[in-house]
Amino acid sequence: MVILKSPKEIEKIRVSNQIVANILCRLETEIKPGIDTLYLNDIAEKMASERDATPAFKGYKGYPFSLCTSVNNVIVHGMPSKKILVEGDIISIDFGVLYDGYYGDAAITVPVGIVSGQAMRLAQVTKEALYKGIEKAVPNGRLSNISHAVQSHVEAAGYSVVRMFVGHGIGSSLHEDPQVPNFGKPGMGVLLKPGMTLAIEPMVNEKGYDVDILGDGWTAVTKDGGLSAHFEHTVAISENGPIILSERNGS
Ligand code: CO
């Protein structure tokens, strides 16, 4: 069941997402060759606690960290570790918080130093695909219009969208209905209405879309070893169209 949110609730979801956006922005400035990903996890935890926000992922289905750090061929749910980032890597950082009863959830992919043109383009196309999807988050549209817009943009660029993981409704739970796939025909799924809040999160692979899960039970990697990128925003559907709640400064 899709839960519609009141303007007051959407304001709370915005506050949570602004905490996430500010923390991601700070983490982005820390990403450079020579750091490890546990360092990023620790900063995220410290910043969340300074803002009285609870990291949303730690303990979720047993996930042991606050941040997901997905490097190169890791699609999502990469676990922070002592492994050092090197020039040319790309890393997705995915963070969520619970604050005042509501969740925020967002992710960005960041280059480590100077990266290949291909890696840069993969990240750029993934971000563009997210915004193409967001444009379709309008009242009276169908959910799969979002999915289709993401897939079309990705495939036109010669990349593939991951099927195994999807975006989701978000509110007083981290994951609510509806699921938001990044692929599909347009005109299907629930009718979009003002008050819906969706986390839209394309995961885009350089080569094939097939996924392997590593022995830790979490780390999702590309089966063919190709690169992968991931961007996520939490979006509210208003009478006037989409409002990106996790864009910094609410703008
Ligand atoms: Co999410």
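If you read the sequence from its start, that first residue is 1, and numbering goes on from there. Order of appearance sets the numbers: ligands from 1, and atoms from 1 within every ligand. Note that the structure is predicted; figures quoted are calculated from it, not measured. Heavy atoms only: backbone and side chains are in, while hydrogens, waters and symmetry mates are out.
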If you leave out waters, which protein N, O or S atoms are less than 2.8 Å from the Co ion (ligand 1)?
Asp105 OD2, His168 NE2, Glu201 OE2, Glu232 OE2
Closest contact, heavy atoms only, Ala21 versus Ser246:
CB-O, 3.3 Å
Does this structure show an ion pair linking Glu128 with Lys132, if we count only N-O contacts that are shorter than 4.0 Å?
no
Evaluate the side-chain proximity of Thr54 to Val97: yes if any heavy-atom separation is below 4.5 Å, no if none is.
no
Lys/Arg-Asp/Glu bridge criterion (N-O < 4.0 Å) met for Glu45, Lys58:
yes
Contacts of Lys82 that satisfy salt bridge (Lys or Arg N to Asp or Glu O under 4.0 Å) - sequence neighbours left out
Asp36
Any salt bridge between Lys127 and Glu232, counting N to O under 4.0 Å?
no
